[in-house]
Amino acid sequence: MSSILNPIAKRVLVTGGAGFLGSHLCDRLTDAGHEVICVDNYFTGRRGNVAHLMDKPNFELIRHDVTFPLYVEVDEIYNLACPASPVHYQHDPVQTTKTSVHGAINMLGLAKRTGARIFQASTSEVYGDPVVHPQTESYWGNVNPIGPRSCYDEGKRCAETLFFDYHRQHGVDIKVARIFNTYGPRMHPQDGRVVSNFIMQALKGEDITIFGDGLQTRSFCYADDLVAGFLALMASGPETTGPVNLGNPGEFSMIELAEAVIDLTGSKSTMTHKPLPADDPKQRRPDISFAKSALKWEPKIALRDGLKPTIAYFEMLLRHDFA
Ligand code: NAD
Ligand code: UDP
């Protein structure tokens with residue numbers, strides 16, 4: 001179903017394509033010459049993230065909510081539509097679950113009809129507050145089904161279930177990635193995530209808000225590394241369905257992250273402690289052995305190296321009053 005003008009190019013749908021990760025993925029796909037259809041309802045994404053692609057003949061932007069059916073003809077689907085930060089996904093929790101579950105059903109239906117290969121942006125949140133550390137794909141997780149994070153965690157878990165049932169029942173060609181915390185330029189400055197919060201606070205000279213004792217850990221992957229993982233998984237053979245962990249196994253406490261941000265921004269900000277949000281996982285680090293062996297993929301960009309362009313991006317937003 002490739003274009004008659006360019007038989008090598010694929011027609012690729014990216015849902016959530018105007019978001020942080022989706023926009024980086026659209027960059028890579030358009031650069032590779034594919035025909036990209038970017039779908040977004042702009043709940044957390046912005047047209048500005050893909051404005052630089054609008055003049056390209058192989059890029060198309062459609063305002064659409066994935067909880068409603070979509071009729072397009074495509075070869076590949078990357079299903080990224082879903083708010084990712086706790087502040088955003090808890091703003092309208094019912095819509096968050098609908099986006100994950102109804103969105104998955106609609107996109108899987110599209111894949112079934114068109115024969116397209118379909119990628120799901122799942123999450124390390126399916127492991128909940130893990131009692132196994134680091135997390136391998138075989139770990140079933142420790143998730144609260146009724147807490148404030150459940151709309152996201154359980155929505156994503158149900159989406160994974162749907163992906164594997166469409167695969168077993170209908171032979172849909174699926175790729176499920178479990179993404180660990182990722183950062184980089186085009187993160188939303190007010191998304192409340194720790195990297196954007198700390199950088200914005202440091203640049204404005206405000207207190208850096210450490211939730212709890214700050215000894216909880218996360219692993220941070222730079223966006224370019226992660227998108228390379230998406231492409232490697234999509235290009236893998238049909239036997240590689242996943243789920244596959246994608247993330248950077250470097251593990252840092254929130255205090256260590258704050259120290260790195262203060263150092264790299266040269267900020268005079270100091271740290272202040274605030275209460276830990278409910279169900280906040282104590283530790284998180286991916287075991288990426290499977291991605292290394294099956295996809296020959298591993299992240300290359302160290303935290304401090306990735307923080308530098310991210311800080312430069314937020315500085316640019318502040319200069320232009322976008323933040
Ligand atoms: P983001 O909020 O920047 O992007 C999500 C995009 O989806 C936004 O553009 C938003 O407007 C769009 N969207 C939301 N609901 C929609 C709907 N119903 N219909 C159409 N579009 C909709 O977040 P992100 O960080 O780019 O995350 C992208 C995907 O990766 C999400 O599915 C998220 O769950 C997953 N993920 C991200 C991370 C991370 O650290 N960034 C970690 C794990 C998983
Ligand atoms: N966090 C923090 N200060 C902030 C924002 C977040 O200490 O201003 C902590 C948060 O409690 C969590 C970690 O940073 O332990 C990562 O939070 P984030 O919302 O980025 O992602 P998630 O909890 O979904 O991994």
Side-chain angles (χ1 to χ4, degrees), residues 14-26 38-47 49-50 62-68 70 78-90 92 95-104 106-107 119-126 129 149 152-153 155-156 159 177-184 186-188 191-201 206-221 223 226-227 230 245-247 252-255 257-258 271-284 286:
V14 180
T15 77
F20 159 48
L21 294 176
S23 63
H24 287 285
L25 177 62
C26 287
C38 171
V39 159
D40 208 294
N41 71 348
Y42 310 120
F43 177 55
T44 52
R46 0 190 201 186
R47 265 161 293 202
N49 285 340
V50 289
I62 302 174
R63 178 194 284 263
H64 176 78
D65 185 321
V66 295
T67 61
F68 296 95
L70 177 69
Y78 287 88
N79 187 35
L80 272 63
C82 186
S85 90
V87 170
H88 288 158
Y89 69 65
Q90 289 170 16
D92 187 347
Q95 175 67 10
T96 298
T97 305
K98 279 189 188 171
T99 292
S100 276
V101 177
H102 294 192
N106 288 328
M107 292 307 114
F119 169 104
Q120 168 66 357
S122 190
T123 171
S124 54
E125 294 286 335
V126 301
D129 191 1
R149 296 174 81 107
Y152 184 72
D153 302 9
K156 290 284 190 181
R178 290 185 179 155
I179 304 165
F180 285 65
N181 298 54
T182 302
Y183 69 99
R186 300 191 200 141
M187 287 185 89
H188 196 293
D191 71 3
R193 280 188 267 191
V194 69
V195 174
S196 42
N197 266 15
F198 284 6
I199 294 177
M200 291 298 290
Q201 289 162 343
E206 296 170 354
D207 287 348
I208 308 256
T209 51
I210 306 280
F211 295 167
D213 60 11
L215 299 178
Q216 71 271 34
T217 65
R218 293 292 186 275
S219 299
F220 299 102
C221 187
L226 189 81
V227 170
F230 287 6
N245 288 340
L246 295 180
F252 298 88
S253 71
M254 296 312 103
I255 288 184
L257 176 69
M271 298 182 213
T272 181
H273 288 264
K274 295 219 162 162
L276 193 66
D279 294 340
D280 198 277
K282 284 180 274 308
Q283 53 183 10
R284 200 187 285 139

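Just follow the structure's listing: the first ligand is 1, and inside any ligand the first atom is 1. Computed from a predicted structure; not experimentally measured. We use all heavy atoms of the structure for the numbers below, so side chains are in, but hydrogens, waters and symmetry mates are not.
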Name the orientation class of the two ring planes belonging to H188 and H88 (parallel below 30°, tilted from 30 to 60°, perpendicular beyond 60°).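 Because their plane-to-plane angle is over 60°, the rings of H188 and H88 count as perpendicular.
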
Geometric class of the F220/Y183 ring pair [parallel <30°, tilted 30-60°, perpendicular >60°]: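 Ring orientation, 0 to 90° scale: perpendicular.
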
What's the shortest distance from [atom] to any protein heavy atom, and which residue and atom give it?
| atom | answer |
| --- | --- |
| atom 22 (C) of ligand 1 | N41 OD1, 3.0 Å |
| atom 18 (N) of ligand 1 | D65 OD1, 2.9 Å |
| atom 26 (O) of ligand 1 | L21 N, 2.8 Å |
| atom 29 (C) of ligand 1 | L80 O, 3.3 Å |
| atom 38 (C) of ligand 1 | I179 CG2, 4.0 Å |
| atom 40 (O) of ligand 1 | T182 N, 2.8 Å |

Salt-bridged, R149 to E125, with N to O below 4.0 Å?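 Looking at R149 and E125, the cut-off is met.
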
Considering only heavy atoms from C-beta outward, does the side chain of [X] approach that of [Y] to under 4.5 Å?
| X | Y | result |
| --- | --- | --- |
| M271 | M254 | no |
| P286 | S124 | no |
| D191 | F20 | no |
| R193 | M187 | yes |

Whether [X] side chain and [Y] backbone form a donor-acceptor pair below 3.5 Å:
| X | Y | answer |
| --- | --- | --- |
| S219 | R284 | yes |
| D40 | Y42 | yes |
| D129 | D279 | no |
| Q201 | I199 | no |

For [X], counting its heavy atoms only, list the atoms of ligand 1 lying under 4.0 Å from any of them.
| X | answer |
| --- | --- |
| N181 | 40 (O) |
| G16 | 6 (C), 7 (O), 9 (O), 12 (C) |
| G19 | 3 (O), 4 (O), 8 (C), 9 (O) |
| Q95 | 18 (N) |
| G45 | 8 (C), 9 (O), 10 (C), 11 (O) |
| Y42 | 11 (O) |
| R193 | 23 (O), 25 (O), 39 (C), 40 (O), 41 (N) |
| A121 | 29 (C), 30 (O), 32 (O) |

From [atom], work out which of [options] has a heavy atom at the shortest distance.
| atom | options | answer |
| --- | --- | --- |
| atom 20 (C) of ligand 1 | R186, H64, R218 | H64 |
| atom 7 (O) of ligand 1 | P83, C82, A84, G247 | C82 |
| atom 19 (N) of ligand 1 | V66, T44, D40 | V66 |
| atom 36 (N) of ligand 1 | Y152, F20, F180 | Y152 |

Sub-4.0 Å heavy-atom approach of [X] to ligand 1:
| X | value |
| --- | --- |
| H88 | no |
| K156 | yes |
| R46 | no |
| A18 | yes |
| S122 | yes |

First locate atom [atom1] of [X], then atom [atom2] of [Y], and finally report the distance between them rounded to the nearest 0.5 Å.
| X | Y | atom1 | atom2 | value |
| --- | --- | --- | --- | --- |
| N106 | T15 | CG | OG1 | 10.5 Å |
| Q95 | C82 | CD | SG | 9.5 Å |
| L257 | I210 | CG | CD1 | 8.0 Å |

For the 3.5 Å polar cut-off, considering only N or O atoms, please tell me whether [X] and ligand 1 meet it.
| X | answer |
| --- | --- |
| A81 | no |
| T67 | no |
| T123 | no |

State, to 0.1 Å, how close F230 and L21 come at their nearest heavy-atom pair, and which atoms those are.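 In terms of heavy atoms, the two residues are closest at CZ-CD1, 4.5 Å.
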
Work out which heavy atom in S23 is nearest to a heavy atom in V50; give both atom names and the distance.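 Shortest heavy-atom contact: CB-CG1, 3.9 Å.
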
Can you pull every nitrogen or oxygen pair between ligand 2 and the protein closer than 3.5 angstrom?
{"residue": "ligand 2", "atom": "3 (N)", "partner": "T209", "partner atom": "O", "Å": "2.6"}
{"residue": "ligand 2", "atom": "7 (O)", "partner": "F211", "partner atom": "N", "Å": "2.8"}
{"residue": "ligand 2", "atom": "8 (O)", "partner": "N197", "partner atom": "ND2", "Å": "2.8"}
{"residue": "ligand 2", "atom": "8 (O)", "partner": "T209", "partner atom": "O", "Å": "3.3"}
{"residue": "ligand 2", "atom": "8 (O)", "partner": "T209", "partner atom": "OG1", "Å": "2.8"}
{"residue": "ligand 2", "atom": "11 (O)", "partner": "D280", "partner atom": "OD2", "Å": "2.7"}
{"residue": "ligand 2", "atom": "15 (O)", "partner": "Q216", "partner atom": "NE2", "Å": "3.0"}
{"residue": "ligand 2", "atom": "15 (O)", "partner": "R218", "partner atom": "NH2", "Å": "3.3"}
{"residue": "ligand 2", "atom": "15 (O)", "partner": "D280", "partner atom": "OD1", "Å": "2.6"}
{"residue": "ligand 2", "atom": "15 (O)", "partner": "D280", "partner atom": "OD2", "Å": "3.4"}
{"residue": "ligand 2", "atom": "20 (O)", "partner": "V194", "partner atom": "N", "Å": "2.8"}
{"residue": "ligand 2", "atom": "21 (O)", "partner": "N181", "partner atom": "ND2", "Å": "3.4"}
{"residue": "ligand 2", "atom": "23 (O)", "partner": "R149", "partner atom": "NH2", "Å": "3.1"}
{"residue": "ligand 2", "atom": "23 (O)", "partner": "R218", "partner atom": "NH2", "Å": "3.1"}
{"residue": "ligand 2", "atom": "24 (O)", "partner": "E125", "partner atom": "OE2", "Å": "3.2"}
{"residue": "ligand 2", "atom": "24 (O)", "partner": "R149", "partner atom": "NH2", "Å": "2.9"}
{"residue": "ligand 2", "atom": "25 (O)", "partner": "N181", "partner atom": "ND2", "Å": "2.9"}
{"residue": "ligand 2", "atom": "25 (O)", "partner": "R218", "partner atom": "NE", "Å": "2.7"}
{"residue": "ligand 2", "atom": "25 (O)", "partner": "R284", "partner atom": "NH1", "Å": "2.8"}

For D92, enumerate each residue passing the side-chain hydrogen bond (donor to acceptor under 3.5 Å, both in side chains) test, keeping only those at least two apart in sequence or located in another chain.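 Listed in chain order: nothing, the list is empty.
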
Show your reasoning for whether side-chain contact (heavy atoms from CB on, under 4.5 Å) applies to Q120 and K156. CA-CA 9 Å; Q120 168 66 357; K156 290 284 190 181; 4.2 Å; yes

Within 45 degrees of the axis of the six-membered ring of F180 and under 6.0 Å from its centre: does R218 put its NZ or CZ there?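 So R218 doesn't make the cation-pi contact.
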
